[in-house]
2 protein chains.
Amino acid sequence: MGIAERKLRQREEVRNLILETAWEMVREEGWQALSIRKIADAIEYSVPVIYDHFENKEAILLEFGKQGFGILTKKLAQAKKKHDDPGAQLKAIADAYWQFAFNNKEYYQLMFGLNMQACETEKVIPERGTFRRLVSEPIEKILNNHHRTDVNACMKYHTFWSIIHGLVSIKTLATGTEISDEVNKMVLDDAMTGFIKNLER
Amino acid sequence: MGIAERKLRQREEVRNLILETAWEMVREEGWQALSIRKIADAIEYSVPVIYDHFENKEAILLEFGKQGFGILTKKLAQAKKKHDDPGAQLKAIADAYWQFAFNNKEYYQLMFGLNMQACETEKVIPERGTFRRLVSEPIEKILNNHHRTDVNACMKYHTFWSIIHGLVSIKTLATGTEISDEVNKMVLDDAMTGFIKNLER
DNA sequence: GTGAATTACCTAACACTGTTAGCAAAATTA
DNA sequence: TAATTTTGCTAACAGTGTTAGGTAATTCAC
């Protein structure tokens with residue numbers, strides 16, 4: 001039954017076409033500019049065809065969210081692998097996170113923008129758990145190495161994420177700031193050093 | 001010429017009515033649900049009347065942004081005033097910031113949400129400068145007290161803001177997290193302690 | 001090969017957005 | 001009282017997400 005397969009393949013092709021076109025629009029005009037009608041126009045299909053492949057607009061965005069988390073966790077895992085010392089690992093993770101956010105502004109904005117309030121990302125995107133484990137592990141190691149039983153790793157994980165996410169959002173959202181990239185990197189590095197020192201007691 | 005004055009007063013009244021109604025909607029249904037037509041319906045005027053008082057929807061949101069920054073900076077200034085020690089001041093500021101964000105979720109979301117990318121807030125809202133000075137001053141004091149000339153206060157200010165803004169956004173946006181308020185406070189306190197310790201060398 | 005069933009796809013609409021042009025009625029001024 | 005300004009409205013434009021319903025092509029069973 002080659003026909004059914006071909007049909008499935010064609011369906012997949014249209015689906016990918018939708019995603020590719022949508023992504024192009026996002027990259028060129030931002031999330032705000034993305035519209036079902038524009039996608040339909042661009043792929044030369046009528047509007048309802050898109051709804052044959054995605055339940056609604058949110059579903060398309062969610063797809064990109066998944067992609068984003070996939071890329072991010074991969075990058076973070078790679079960065080971590082390059083070091084053995086947990087402190088160095090944390091710094092490398094922070095650096096990779098930072099890099100990802102600025103090399104993939106569109107992804108980052110979607111991943112941590114308004115979308116989060118709409119859908120419970122944790123259930124839909126399992127990569128978020130991967131991210132947590134990735135960061136928590138070196139934190140736990142440092143805490144163990146320094147015999148710190150007064151704090152738990154979960155708390156520290158949140159602090160870690162807050163520092164870096166806060167920095168990224170401020171830099172991403174606040175267009176008016178006139179700080180150079182080098183200074184930004186220094187801020188991140190300084191914050192990370194402080195965080196790790198505080199872990200070590 | 002009492003007539004002209006009365007007219008001006010009436011204009012002001014309608015303007016306030018628009019803002020009050022809009023605020024009520026935002027509080028009850030969130031920013032997303034706010035629409036010019038709904039406001040017009042609620043105040044029992046036609047749609048174009050709203051455009052006599054505000055250039056566009058953005059202008060209404062900006063008004064709330066201004067209000068939000070006004071309240072925030074006031075709260076922060078009050079918190080700072082209660083202490084003399086710059087470290088204690090920073091902690092108090094962080095605490096007040098935290099409190100504001102969660103007692104005024106709507107304001108915070110607007111202030112640091114998508115709005116920022118749309119308009120250059122710094123030029124439109126002078127309070128942002130007040131906020132920066134408020135935080136920078138105790139930071140500079142601590143740095144001076146410990147004879148630290150290797151870092152500048154501006155960098156540290158960004159770190160401070162990042163930590164707290166990151167924490168708030170993660171807590172505000174990520175609905176899926178099951179962390180209790182007490183733990184959240186501990187995270188903030190821990191991060192602040194780390195930040196200040198890192199300031200002191 | 002022919003008829004039935006399925007699939008693919010489109011047109012057109014619904015119910016919303018923000019925004020504005022143009023007009024009628026009311027209020028103020030001369 | 002007549003002219004002018006102000007006030008507020010209706011109705012439209014150009015978008016948005018979403019869906020109901022119908023047509024034409026394709027595939028399947030006989």
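Numbers restart at 1 for each chain; the letters A, B, ... are given by sequence-line order, proteins then strands.
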(message) Please check: side-chain N/O of B/Q89 versus main-chain N/O of B/H83, any donor-acceptor pairing under 3.5 Å?
(response) yes
(request) Strictly below 4.0 Å, heavy-atom distances to any atom of DNA chain C: list the hits from residues 38-55 of chain A, or just say none. (result) A/Y45, A/S46, A/P48, A/V49
(request) Can you see which heavy atom on A/K38 is nearest to which on A/A33, and at what distance? (result) NZ-O, 2.9 Å
(request) Mind running side-chain contact (heavy atoms from CB on, under 4.5 Å) on B/Y107 and B/F100 for me, showing each step along the way? (result) CA-CA 9 Å; B/Y107 273 128; B/F100 170 82; 3.9 Å; yes
(message) Closest-nucleotide mapping onto DNA chain D: is A/S35 or B/R11 further toward the 5' terminus? I mean the 5' end.
(response) B/R11
(message) For the backbone of B/L199 and the side chain of B/R148, can you confirm whether one donor and one acceptor N or O come within less than 3.5 Å of each other?
(response) yes
(request) First locate atom CG of A/D190, then atom CZ of A/F195, and finally report the distance between them rounded to the nearest 0.5 Å. (result) 14.0 Å
(message) Using only atom types and a distance under 3.5 Å, with no angle test, would you say the side chain of B/K57 pairs donor to acceptor with the backbone of B/L34?
(response) yes
(message) Let's test your reading of the model: under 3.5 Å, does the base of C/dG18 pair with the side chain of B/R37 as donor and acceptor?
(response) yes
(message) Could you tell me if B/Y108 and B/H165 have a donor-acceptor pair between their side chains, going purely by distance under 3.5 Å?
(response) yes
I'd like a table of atom pairs between the protein and nucleotides 3-6 of chain D - only N or O on both sides, under 3.5 Å - with the distance next to each one.
from  : atom 1 : to   : atom 2 : distance (Å)
D/dT6 : O3'    : B/K7 : NZ     : 3.4

(message) Suppose the criterion is side chain to side chain donor-acceptor pair (under 3.5 Å): which pairs have a residue in residues 14-30 of chain A, not counting sequence neighbours?
(response) A/R15-A/E63
